[in-house]
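Below: one structure, written as structure tokens.
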Amino acid sequence: MDEMQISPADPHGSPAKDQQAAGVGILLQIMMLVLSFVLGHVLRRHRFYYLPEASASLLIGLIVGGLANVSNTENSIRAWFNFHEEFFFLFLLPPIIFQSGFSLQPKPFFSNFGAIVTFAIFGTLIASVVTGILVYLGGVTFLMYKLPFVECLMFGALISATDPVTVLSIFQELGTDVNLYALVFGESVLNDAMAISLYRTMSLVRSHESSGQNFFMVVVRFLETFVGSMSAGVGVGFTSALLFKYAGLDIDNLQNLECCLFVLFPYFSYMLAEGLGLSGIVSILFTGIVMKHYGFSNLSDSSQKFVSAFFHLISSLAETFIFIYMGFDIAMEKHSWSHVGFIFFSILFIGIARATNVFSCAYLVNLVRPANRKIPMKHQKALWYSGLRGAMAFALALQSIHDLPDGHGQTIFTATTAIVVLTVLLIGGSTGTMLEALEVVGDDHDGPLGESFETSYRAPSYEGEPSSGNRFKMKLKEFHKSTTSFTAIDRNYLTPFFKTQSGDEDEHDDFLGDSSRGAFR
């Protein structure tokens with residue numbers, strides 16, 4: 001707009017132009033959100049899995065961003081559409097992670113917890129180091145653009161953050177094995193925290209030119225961060241449960257206050273962890289798990305309906321907006337496409353690193369698991385295939401532009417952008433075909449969640465087995481006894497203390513018990 005057309009009341013023009021740009025930017029965002037939800041509904045209704053909702057949202061953002069990029073509105077709207085990593089980490093991510101924990105089926109998650117932690121911590125470390133070494137060797141051998149070794153490790157750390165929103169939505173639509181779903185979901189949530197920790201540690205090593213001591217300490221730091229974050233999340237969840245049990249808020253004229261407090265507690269947990277230098281992702285995840293099991297039943301019926309609908313709504317909005325936001329910013333940002341070899345070989349190297357991560361960790365997990373609990377090869381292949389890169393990798397790559405000099409951060413950002421688009425569109429679109437090819441969907445897997453889980457994890461009968469297996473049988477008995485003991489502690493002590501007893505008595509079986517009989521679809 002020409003400055004001469006600005007109203008006389010505003011001779012300089014900037015406030016009115018800013019207000020107009022803000023209005024146009026917000027209007028575009030609303031239009032794209034509406035289009036994404038309508039298109040997603042049409043795709044779901046027609047069971048068209050080759051273009052999942054996340055992929056459709058990303059494409060909408062790319063198209064609108066491309067149109068804005070070639071129009072004269074680019075400069076005025078850019079300020080309202082730039083992908084700010086602070087906005088992503090502090091506003092968009094928390095509701096998605098909380099809803100994941102709030103809607104989680106705890107039984108398969110916690111029974112696979114050892115495997116999930118192995119994939120998330122050890123596996124992410126393997127993937128980061130393997131990717132960094134391969135990228136460095138590729139630069140040394142002139143296959144691709146050469147980066148310093150520490151910067152290669154920073155790239156390996158940020159690109160190891162998986163984002164399986166697309167894959168998990170397809171899992172739910174088609175109906176798949178609950179243990180595979182728990183592994184993919186659990187690894188993706190916890191490896192985000194590990195990737196952030198690794199990236200920040202490598203950045204610290206680079207800025208201080210430190211020795212290898214920091215490399216050795218990264219896992220220890222992550223474990224400290226993980227335990228502290230989990231403790232903060234569980235503590236906030238238990239505190240909220242006690243408040244809603246004893247404060248007497250479940251009466252008609254206080255239900256608005258009850259809902260407001262329930263909505264604020266998760267955000268308090270996230271910001272508490274971030275303020276203490278811990279992981280808000282892990283904290284809010286466990287807050288969601290604990291609040292659903294112990295605090296949710298202490299609410300009035302109308303409040304339960306409201307908060308369930310509210311968290312589902314806000315997470316859906318945030319998820320869709322992230323992919324639109326990301327697509328728009330990819331189209332608007334300046335990219336360094338001169339290093340095509342770096343992009344091509346990076347894609348190849350992260351595939352190799354992902355395979356090293358998944359198959360080595362699965363081998364270690366299967367070494368200590370009994371025969372009936374081993375991770376089958378088809379699940380391992382599905383885990384390898386589901387390693388999409390999404391918003392977390394994109395946000396860290398955007399941060400690397402500021403952290404790395406001489407255009408190195410720009411090269412990493414461009415490569416990450418290409419990887420995100422390719423994995424979301426290509427892998428996300430072929431997920432349904434992959435699941436069917438691996439035979440992890442179908443009649444054997446769409447039964448009730450409880451039945452599927454019990455079939456997979458019931459301890460085998462000891463009758464008729466050879467005496468040489470006595471030690472193995474004892475280990476199985478001890479494992480089964482420890483699980484039963486935790487369930488008994490939950491039923492006899494935790495549930496009576498934190499929950500009102502007016503609900504169904506079978507409710508306390510939800511945590512690790514035998515409820516959740518709904519079909520996993």
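Computed from a prediction, not measured in an experiment: that's the story for all the values here. Just so it is clear, the values below take in all heavy atoms, side chains as well, and ignore hydrogens, waters and symmetry mates.
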So, F98 versus Y270, ring centres under 6.0 angstrom or not?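 Ring-ring flag for F98/Y270: false, centres at least 6.0 Å apart.
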From [atom1] ([X]) to [atom2] ([Y]), nearest 0.5 Å:
X	Y	atom1	atom2	answer
K292	S103	NZ	OG	7.0 Å
I116	E187	CD1	CD	9.0 Å
L137	L143	CG	CG	9.5 Å
L58	F323	CG	CZ	7.0 Å
L183	Q380	CG	CD	10.0 Å
L398	M326	CG	CE	11.5 Å

For residues [X] and [Y], is any side-chain donor paired with an opposing acceptor at under 3.5 Å?
X	Y	answer
S229	S283	no
S128	S160	yes
T320	S57	no
N357	T124	no

Looking at every heavy atom in both [X] and [Y], which two are closest together, and how far apart are they?
X	Y	value
S308	F102	OG-CE2, 4.3 Å
S36	I60	OG-CD1, 3.4 Å
L158	A393	O-CB, 3.4 Å
P148	Y136	C-CD1, 4.3 Å
S279	A273	O-CB, 3.7 Å
R373	S111	NH2-O, 2.7 Å

Please list every donor-acceptor pair under 3.5 Å in which a side-chain atom of residues 421-428 meets a protein atom from a residue at least two apart or in another chain.
from : atom 1 : to   : atom 2 : distance (Å)
T423 : OG1    : R389 : N      : 3.4
T423 : OG1    : R389 : O      : 3.3
T423 : OG1    : I419 : O      : 2.8
T423 : OG1    : V420 : O      : 3.1

For [Y], is there any backbone N or O sitting under 3.5 Å from a side-chain donor or acceptor partner on [X]?
X	Y	answer
T131	G156	no
E319	I96	no
N112	A182	no
K374	N366	yes

Quick check: do [X] and [Y] have side-chain heavy atoms less than 4.5 Å from each other?
X	Y	result
I121	T118	no
V234	M230	yes
V263	F310	yes
R369	I375	yes
M392	I196	yes
M144	S346	yes

Please walk me through it: do L396 and M154 pass side chain to side chain contact (heavy atoms under 4.5 Å, CB included)? CA-CA 10 Å; L396 290 174; M154 289 175 68; over 6 Å; no
In this structure, are over 12 heavy atoms from other groups packed under 6.0 Å from [X] atom [atom1]?
X	atom1	value
F359	CZ	yes
Y363	OH	no
F122	CZ	no

Aromatic plane relationship, F342 with F155 - under 30° parallel, 30 to 60° tilted, over 60° perpendicular: tilted
Partner of F394 under ring-ring contact (aromatic ring centres under 6.0 Å, His included), chosen from Y325, F88, F413, F89: F413
Does the side chain to side chain contact (heavy atoms under 4.5 Å, CB included) test come out yes or no for N191 and F119, once each step is laid out? CA-CA 8 Å; N191 87 343; F119 282 110; over 6 Å; no
Single hit among I97, I289, V236 for side chain to side chain contact (heavy atoms under 4.5 Å, CB included) with I284: I97
Between F349 and the options L134, V130, I133, I159, the side chain to side chain contact (heavy atoms under 4.5 Å, CB included) test singles out L134
Test side chain to side chain contact (heavy atoms under 4.5 Å, CB included) on T414 and Q410 and set out the steps. CA-CA 6 Å; T414 302; Q410 191 67 49; 4.1 Å; yes
Worked verdict on I343 versus T417 for side chain to side chain contact (heavy atoms under 4.5 Å, CB included): CA-CA 9 Å; I343 298 171; T417 296; over 6 Å; no
Y199: which residues meet the ring-ring contact (aromatic ring centres under 6.0 Å, His included) condition with it, sequence neighbours left out? none
